[in-house]
Amino acid sequence: MEKYCARSDVKCIVGAGRSPLSAGLTSNALPEVQKPIKPTNSQTGVSTNNVLLETSITTNRKSTDTPQWYALRTTYGREKKAYDYLTSRNVTAFYPTLKSIKMVDGKRITIEESRIPNIFFAYGTEEELKTFVYDNINLPYLRFYYQHTHVVGNKIVKVPLVVPDNQMNSLKIICAADSDDIVASTEVVEKFKSGQKVRIIDGKFKGVVGVVARYHSQQRVGIIINGLLTVCTAFVPSAFIEKT
C-alpha cells in the first residue's frame, strides 16, 4: 500500500548536547489503529508486559553506547504525544508530518497528520532511550521498532532498528520538500533495492543520496529503510543527479 504525500511540516528538535544531522524520512501500526499506511510486517499482539524479555544483541552493530537514530513506535496514533514528551526532556527527535486540506462543516481547514502513522525517530544511545521505552508509567505505549535477525541456526533475536545517518538525512530532505508527488510505501520497492547510487545536487531534493530508478513513469531517487518503508522523491531531472 502506498501513500502520496502532501506538503509537509517536518519537526526536528535538537536537544541539549546533541549533534544530529543538519538537514531538515523503519514499527508498525497496531491493528486497533486505522491509519493510511499499514506496514506489511505487523507486530500485532506485542504485550508491553513482555517487552523487557526481548533480547537485544550488538553483533554487527555499533556499541549501544554510541548515539544513533532509532525508530520508535507507539499505539493508538500517540506518536506526537511521545515525541513531545521526549523533546521536552532534551532528546533529539524527528517527527515527519504532512498537511492536507479537508472540508469540515463546509469550511476548508488544514489538517496536520503523521506521515508515518505510529512512528517517529529519536537520537541517542540505546541505553538512554531505554529509559523512555521502558517507562511504563509515563510512556506505556512507546516501544522500539524491532527488526528480526537470524543469529545462530533458526534462533531469532530482536534488535532495535537503527537508521543510518545518511538515510535519516535523505529522509528529512524528502519529507521537507514542497512536493505533492512524494511516494512512501510500507513495502520494499524492488527498483530501489539495488541499482545506481546517486546524489541529488540541485533542486528541492538537493542532498538526497539513494538509488535512481523510473517509478510510476518518472525518474526518482529512493531509499529503503530496512523493515520499515521505501520513500522516494518526486521527479528529478538527470541534470540534478550525479553518481556516487
Side-chain angles (χ1 to χ4, degrees), residues 1-14 23-44 71-89 91-122 138-143 145 168 170-187 189 200 203-206 208 215-223 225 228-237:
M1 181 175 180
E2 298 176 352
K3 184 168 183 177
Y4 292 83
C5 301
R7 289 187 62 178
S8 65
D9 253 343
V10 176
K11 299 183 178 180
C12 184
I13 293 181
V14 178
L25 131 317
T26 156
S27 188
N28 301 336
L30 299 189
E32 60 267 42
V33 183
Q34 299 300 318
K35 290 288 184 177
I37 295 179
K38 294 182 180 179
T40 57
N41 58 335
S42 177
Q43 299 174 350
T44 57
L72 302 179
R73 69 185 181 92
T74 66
T75 57
Y76 296 105
R78 290 180 286 192
E79 61 272 29
K80 175 62 164 59
K81 183 177 180 181
Y83 165 84
D84 288 342
Y85 186 90
L86 265 64
T87 55
S88 70
R89 284 154 178 78
V91 175
T92 298
F94 173 63
Y95 170 52
T97 64
L98 60 87
K99 289 182 178 180
S100 59
I101 306 297
K102 295 184 178 182
M103 296 296 294
V104 178
D105 296 328
K107 298 180 180 180
R108 293 168 61 88
I109 62 173
T110 300
I111 303 295
E112 184 180 69
E113 300 176 306
S114 175
R115 186 179 290 271
I116 317 170
N118 306 305
I119 297 293
F120 71 103
F121 304 87
N138 298 297
L139 297 166
Y141 47 83
L142 178 67
R143 293 294 174 253
Y145 179 94
M168 281 300 304
S170 295
L171 177 59
K172 292 176 186 178
I173 296 171
I174 294 173
C175 288
D178 182 10
S179 175
D180 60 1
D181 200 21
I182 293 169
V183 175
S185 172
T186 56
E187 298 179 353
V189 178
I200 300 177
K204 64 181 68 177
F205 298 109
K206 182 178 180 180
V208 169
Y215 187 64
H216 288 186
S217 302
Q218 291 185 330
Q219 178 171 268
R220 305 167 185 259
V221 176
I223 59 173
I225 297 179
L228 186 59
L229 79 160
T230 302
V231 61
C232 67
T233 66
F235 170 73
V236 180

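Values below: every heavy atom of this structure, side chains too, minus hydrogens, waters and symmetry copies.
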With side chains defined as the heavy atoms from C-beta onward, is the minimum distance between [X] and [Y] less than 4.5 Å?
X      : Y      : result
Phe205 : Ser179 : yes
Ile109 : Met103 : no
Leu86  : Leu139 : yes
Phe121 : Ile116 : yes
Arg220 : Phe235 : no
Ile200 : Thr233 : yes
Leu229 : Ser185 : no

Distance-minimising heavy-atom pair for Ala82 and Thr74:
CB-CG2, 4.0 Å
Minimum heavy-atom distance Ile182-Ile174, with the two atoms named
CD1-O, 2.9 Å
Measure the CD1-NZ distance between Ile111 and Lys99 for me, rounded to the nearest 0.5 Å.
11.0 Å
To the nearest 0.5 angstrom, please state how far the OH atom of Tyr141 sits from the CZ atom of Arg78.
6.5 Å
How are the rings of Tyr95 and Tyr83 set relative to one another: parallel (under 30°), tilted (30 to 60°) or perpendicular (over 60°)?
tilted
Apply side-chain contact (heavy atoms from CB on, under 4.5 Å) to the pair Arg115 and Thr97, showing each step before the final yes or no.
CA-CA 5 Å; Arg115 186 179 290 271; Thr97 64; 5.7 Å; no
Between Glu113 and Lys102, does any side-chain N to carboxylate O distance fall below 4.0 Å?
yes
Identify which one of Thr230, Val183, Val221 satisfies the side chain to side chain contact (heavy atoms under 4.5 Å, CB included) criterion when paired with Tyr215.
Val183
N/O donor-acceptor pair under 3.5 Å between [X] side chain and [Y] backbone:
X      : Y      : result
Gln219 : Val236 : yes
Ser170 : Val208 : no
Asn118 : Gly77  : yes

Are Arg89 and Tyr85 in a cation-pi contact, defined as NZ or CZ under 6.0 Å from the six-membered ring centre and within 45° of the axis?
yes
Could you go through Asp181 and Gln218, starting from their C-alpha distance and side-chain angles, then the distance that decides it, and tell me whether this counts as side-chain contact (heavy atoms from CB on, under 4.5 Å)?
CA-CA 10 Å; Asp181 200 21; Gln218 291 185 330; 2.9 Å; yes
